[in-house]
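A note on names: the letters A, B, ... follow the listed sequences, proteins ahead of strands, and every chain is numbered from 1.
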Amino acid sequence: ILNVEQSPQSLHVQEGDSTNFTCSFPSSNFYALHWYRWETAKSPEALFVMTLNGDEKKKGRISATLNTKEGYSYLYIKGSQPEDSATYLCASEGGSEKLVFGKGTKLTVNP
Amino acid sequence: GAVVSQHPSWVICKSGTSVKIECRSLDFQATTMFWYRQFPKQSLMLMATSNEGSKATYEQGVEKDKFLINHASLTLSTLTVTSAHPEDSSFYICSALTGTWGQPQHFGDGTRLSIL
């Protein structure tokens, strides 16, 4: 059984602040690391899927890095906006396309 | 693109009732669909994986006779919670996959199930 841990559990920042969260996962039997953004009353939205050690991906003000050897990924948000408020989920894919999710980091951006 | 529709959004029913939840991929064909459950303050937990035309694969600890999954077409999977009891009250959410490993999953909006 894979254990995926996310920290912090929740985070409050001011508009304009940059922030980052951590996802740690077992490095054995690793295929891919997924990040999703989940706004209240909506469906989780895929942000990134990363597979290679050292991978860095960017989507607007959001970026993510991956270290498969030590089993962690960081998600960065530059210049947070109130619309970035959501729960950010990471999930490890260990083959067979199944995902094991962390509990998420709930981000609140105050105007 | 890649929209997944899940119905109903909310269900409140009496103990002993069976409840069916539908998950449809609206603009793509899903090779695989997944069903997850989330209890308060917990992570999304995979219940089962279903492929069109074949029996679902259930995760350890998930009763297949309790949670019936039918995947009749490449765009529709259903989860039926049979003879639901209060302990089955939870948030259920489906996702669909168009390719193989390393591809993002596309999620429905989820169903909040409350059994009285």
Side-chain angles (χ1 to χ4, degrees), chain A residues 1-10 21 23-26 29-53 55 57 59 62 64 66 68 73 75 86-106, chain B residues 1-10 21 23-28 30-52 54 56-62 91-112:
Chain A
I1 298 176
L2 302 176
N3 287 319
V4 176
E5 303 288 340
Q6 289 187 250
S7 64
Q9 187 175 346
S10 64
F21 346 118
C23 173
S24 62
F25 55 90
N29 195 32
F30 172 84
Y31 277 68
L33 193 283
H34 296 232
W35 281 101
Y36 293 86
R37 169 195 154 104
W38 195 1
E39 290 182 69
T40 302
K42 295 186 177 180
S43 58
E45 171 198 357
L47 289 174
F48 307 111
V49 179
M50 296 183 289
T51 58
L52 299 175
N53 184 46
D55 242 355
K57 293 206 172 181
K59 191 175 186 177
I62 305 176
L66 179 66
T68 61
S73 175
L75 187 79
T87 295
Y88 291 83
L89 302 177
C90 78
S92 180
E93 183 178 347
S96 70
E97 305 154 358
K98 296 181 184 180
L99 299 185
V100 176
F101 281 87
K103 292 183 180 180
T105 292
K106 185 175 182 180
Chain B
V3 178
V4 174
S5 174
Q6 184 174 342
H7 292 284
S9 300
W10 282 87
I21 302 170
C23 180
R24 291 180 185 272
S25 56
L26 297 185
D27 51 1
F28 66 99
T31 52
T32 307
M33 287 185 170
F34 302 90
W35 287 96
Y36 296 86
R37 179 170 54 181
Q38 184 182 39
F39 290 108
K41 299 188 186 298
Q42 299 300 311
S43 59
L44 290 174
M45 293 294 292
L46 181 66
M47 298 175 67
T49 303
S50 81
N51 294 287
E52 182 257 344
S54 60
T57 303
Y58 291 82
E59 294 300 300
Q60 191 173 6
V62 178
F91 180 77
Y92 295 85
I93 190 167
C94 69
S95 70
L97 191 62
T98 56
T100 58
W101 70 272
Q103 299 299 312
Q105 292 185 11
H106 306 288
F107 285 84
D109 288 344
T111 299
R112 177 73 58 189

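- At a 4.5 Å heavy-atom cutoff, the contact between A:Y36 and chain B is made by side-chain atoms alone.
- Within a 6.0 Å radius of NZ in A:K57, other residues, nucleotides and ligands contribute more than 12 heavy atoms.
- Taking OG1 of B:T32 as the reference point, atom CD of A:E97 lies at 4.5 Å (rounded to 0.5 Å).
- Scanning for side-chain hydrogen bond (donor to acceptor under 3.5 Å, both in side chains) contacts around B:E52 gives an empty result, with sequence neighbours left out.
- Scanning both residues, A:A46 and B:P104, for their nearest heavy atoms gives CB-CB, 3.5 Å.
- In the displayed structure, B:F28 atom CZ is contacted under 6.0 Å by more than 12 heavy atoms of other residues, nucleotides or ligands.
- Applying a 4.5 Å heavy-atom cutoff, the residues of residues 105-112 of chain B that approach chain A are B:Q105, B:F107, B:G108, B:D109.
- B:Q38 is linked by a side-chain contact (heavy atoms from CB on, under 4.5 Å) to A:W38, B:L44, B:F91, counting only residues two or more places apart in sequence or in another chain.
- Scanning both residues, B:I93 and A:P44, for their nearest heavy atoms gives CD1-CD, 3.7 Å.
- By the 6.0 Å contact criterion, CD on A:E39 is enclosed, its count of non-hydrogen atoms from other residues, nucleotides or ligands being greater than 12.
- For A:A91, the side-chain contact (heavy atoms from CB on, under 4.5 Å) partners are A:H34, A:L99, A:F101, not counting sequence neighbours.
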